[in-house]
Amino acid sequence: MPTPTFLPARPLFNFHSVIHSHGWYQLAPHQWDEERGVLTIVERLTSGRVVSASIRDGDHSGVILEAQARLGKRDSQELAATVSWMFALDLDLGEFYALADAEPRLAHCRPKAMGRYLRSSTVWEDVVKVMMTTNIQWGGTKRLVASLVSHFGEPLAADGARRAFPQPAAVARSRESTLRKLGLGYRSPYLLQLARGVVAGKFDLDRLKEAGRPTDEVRRDLLALPGIGPYAAATLLGILGRFDYIGVDSEAVRLVSKWFYEGAPVGEKEVNAVFARWGKYKSLAYWFWDYEGKQQTPMEAYEARSGD
DNA sequence: TTCCAGGGGTAGA
DNA sequence: TCTACCCATGGA
């Protein structure tokens, strides 16, 4: 069997915090085993090989990656680089923690090393998944993503029932009517345009990962994608490690109204005003804020309620 | 049945 | 730049 590989993270790091940073660990093709603390992924490598791998905590200093099949050197290196990206192992949040230490509602961030969002292996996958969170409940997002994976994903050789996330080309070859049958509704033409644009080279999603570019430039590129508006662009910026914009959705409005405006109706402007002082860490402050004063983020509160 | 969801695109002002 | 309106589907 393949040897487990340790992938070091820039301190501070907490495996559990990355997994539970947002809902991605619940979306296909990932499988999360809470008891064992193991995330199982299915990846389609550039060699064309579809592989499964498990990822677990590396003693709060990184992750332990184990492919479930023997891989060549090139495939192994690609898989390691992919997992490093997914867990944002290189992200430095020291400046954010220094600010958070002085704010009681964010003081839990440093001890739990919160701030890294679990990423997908490709920006394409993250863009599609964020698109599937728009104007739909979370249960619907899980259903749509699972449908896309089972319908368009390439199967694992060892287990045909498990598939990788679809390649852009596989979706691009599809039709709008097919996507509608999968339940995507009015998102169908957006996804089709996105996939075809990626295949045609009109949208260069990998360029969004480049760290040197100004955030507003990356944001403009995101907003130019079909089906990606202010909420989705802000969410994707956070996933990319840029925290200047808050993805204002119905949940953000609900939280800010309840905890900062005594239940009065609020909009995007008010949500941004509340967290304006956090500057380039605005969306981290919003997302990891301990609204109820129970040392608990909204995500943790949600998971406690839903039993996840 | 009605409302709305981890909104986006478009037209018109 | 801001607002009104439409968009599919399923859950509450």
Side-chain angles (χ1 to χ4, degrees), chain A residues 19-28 30 117-120 125-148 150-151 171 174-197 202-203 216 219-240 243 245-259 265-275 282-289 291 296-308:
Chain A
I19 292 290
H20 292 272
S21 55
H22 64 147
W24 261 209
Y25 73 94
Q26 299 178 5
L27 296 181
H30 297 344
Y117 296 107
L118 181 65
R119 295 164 171 160
S120 298
E125 183 175 335
D126 275 329
V127 171
V128 173
K129 284 180 172 175
V130 170
M131 191 188 290
M132 295 305 129
T133 70
T134 61
N135 204 22
I136 194 171
Q137 298 180 61
W138 180 243
T141 297
K142 290 197 278 191
R143 186 184 67 252
L144 295 186
V145 172
S147 294
L148 288 172
S150 65
H151 200 269
V171 178
S174 177
R175 299 177 177 199
E176 187 178 320
S177 59
T178 304
L179 297 177
R180 286 184 185 273
K181 281 177 193 163
L182 294 180
L184 270 69
Y186 64 86
R187 302 170 194 82
S188 304
Y190 302 150
L191 177 59
L192 199 55
Q193 286 168 38
L194 176 73
R196 290 180 176 171
K202 180 181 176 187
F203 304 130
D216 283 332
R219 181 169 179 267
R220 277 198 296 276
D221 287 351
L222 286 166
L223 290 172
L225 302 175
I228 301 301
Y231 151 79
T235 302
L236 285 162
L237 284 175
I239 289 172
L240 292 167
F243 313 110
Y245 291 87
I246 297 174
V248 180
D249 53 19
S250 58
E251 180 66 6
V253 164
R254 188 187 69 77
L255 283 169
V256 169
S257 169
K258 179 176 180 182
W259 297 103
V266 303
E268 198 167 340
K269 193 189 299 180
E270 288 78 11
V271 174
N272 280 299
V274 165
F275 296 99
K282 208 181 298 176
S283 67
L284 287 183
Y286 153 68
W287 188 255
F288 293 103
W289 195 263
Y291 292 88
Q296 199 176 45
T297 67
M299 183 72 188
E300 290 175 315
Y302 174 81
E303 290 178 333
R305 284 197 303 273
S306 63
D308 286 327

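Lettering of chains follows the sequences in order, A, B, ..., and the numbering in each one begins at 1.
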Would you say the ring centroid of A/Tyr117 lies under 6.0 angstrom from that of A/Phe288?
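Ring centroids of A/Tyr117 and A/Phe288 are less than 6.0 Å from each other.
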
Given the side-chain rings of A/Tyr302 and A/Trp138, with only the six-membered ring counted for Trp, is the space between their centroids under 6.0 Å?
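Aromatic pair excluded; centres sit 6.0 Å or further apart.
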
For A/Val128, the option from A/Val145, A/Leu148, A/Val171 that meets side chain to side chain contact (heavy atoms under 4.5 Å, CB included)
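Among the candidates, only A/Leu148 passes.
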
Does any part of the side chain of A/Trp259, heavy atoms only, come nearer than 4.5 Å to the side chain of A/Val274, both counted from C-beta?
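In short, these two side chains do not touch, never coming nearer than 4.5 Å.
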
At 4.0 Å (heavy atoms only), tell me whether [X] reaches a base, stays on the sugar-phosphate, or touches nothing.
X        : answer
A/Gly227 : sugar-phosphate
A/Leu225 : sugar-phosphate
A/Ile228 : sugar-phosphate
A/Ala252 : nothing

Can you find a side chain N or O atom of A/Arg187 that sits less than 4.0 Å from OP1 or OP2 on B/dG8?
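Indeed not, no polar side-chain atom of A/Arg187 lies that close.
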
Does B/dG7 have OP1 or OP2 under 4.0 Å away from a side-chain N or O of A/Ser250?
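So the side chain of A/Ser250 is within the cut-off, an N or O lying under 4.0 Å from OP1 or OP2 of B/dG7.
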
Identify which nucleotide among C/dG10, B/dG8, C/dT9 has an atom closest to any side-chain atom of A/Pro230, counting heavy atoms from C-beta outward.
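The listed nucleotide nearest to A/Pro230's side chain is B/dG8.
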
Which nucleotide, C/dT9, B/dG8, B/dG6, lies nearest any side-chain atom of A/Arg180?
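Minimum distance to the A/Arg180 side chain belongs to C/dT9.
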
Say whether A/Asn272 and A/Tyr286, considering side chains only, have a donor N or O and an acceptor N or O under 3.5 Å apart.
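No, because no side-chain N or O of A/Asn272 sits under 3.5 Å from a partner of the opposite role on A/Tyr286.
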
Protein-nucleotide distance ([X], atom [atom1]; [N], atom [atom2]), rounded to Å:
X        : N      : atom1 : atom2 : answer
A/Tyr190 : C/dT9  : OH    : P     : 14 Å
A/Lys258 : B/dG6  : NZ    : C1'   : 17 Å
A/Arg143 : C/dA8  : CZ    : P     : 16 Å
A/Asn135 : C/dA12 : CG    : P     : 16 Å
A/Ile136 : C/dG11 : CD1   : P     : 10 Å
A/Tyr291 : B/dG6  : OH    : P     : 15 Å
A/Leu194 : B/dG9  : CG    : P     : 11 Å
A/Ile246 : B/dG7  : CD1   : P     : 15 Å

Donor-acceptor pair under 3.5 Å: do we get one between A/Tyr186's side chain and the base of B/dG7?
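Under the 3.5 Å cut-off, the side chain and the base do form a donor-acceptor pair.
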
For A/Pro226 and for A/Asp249, locate the closest nucleotide of DNA chain B by heavy-atom distance; then report the residue assigned to the nucleotide nearer the 5' terminus.
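With A/Pro226 and A/Asp249 compared, the 5'-side residue is A/Asp249.
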
Whole-angstrom distance between [N] and [M], as gauged at atom [atom1]:
N      : M      : atom1 : value
B/dA11 : C/dA8  : P     : 16 Å
B/dG6  : B/dT10 : P     : 25 Å
B/dT1  : C/dG11 : C1'   : 14 Å

If each of A/Lys269 and A/Glu176 is mapped to the nucleotide of DNA chain C with the nearest heavy atom, which maps nearer the 5' terminus, i.e. the 5' end?
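Checking each residue's closest nucleotide, the 5'-ward one belongs to A/Lys269.
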
Kindly give the heavy-atom pair with the smallest separation between A/Met131 and A/Pro226, and that separation in Å.
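Closest approach of A/Met131 to A/Pro226: CE-O, 3.2 Å.
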
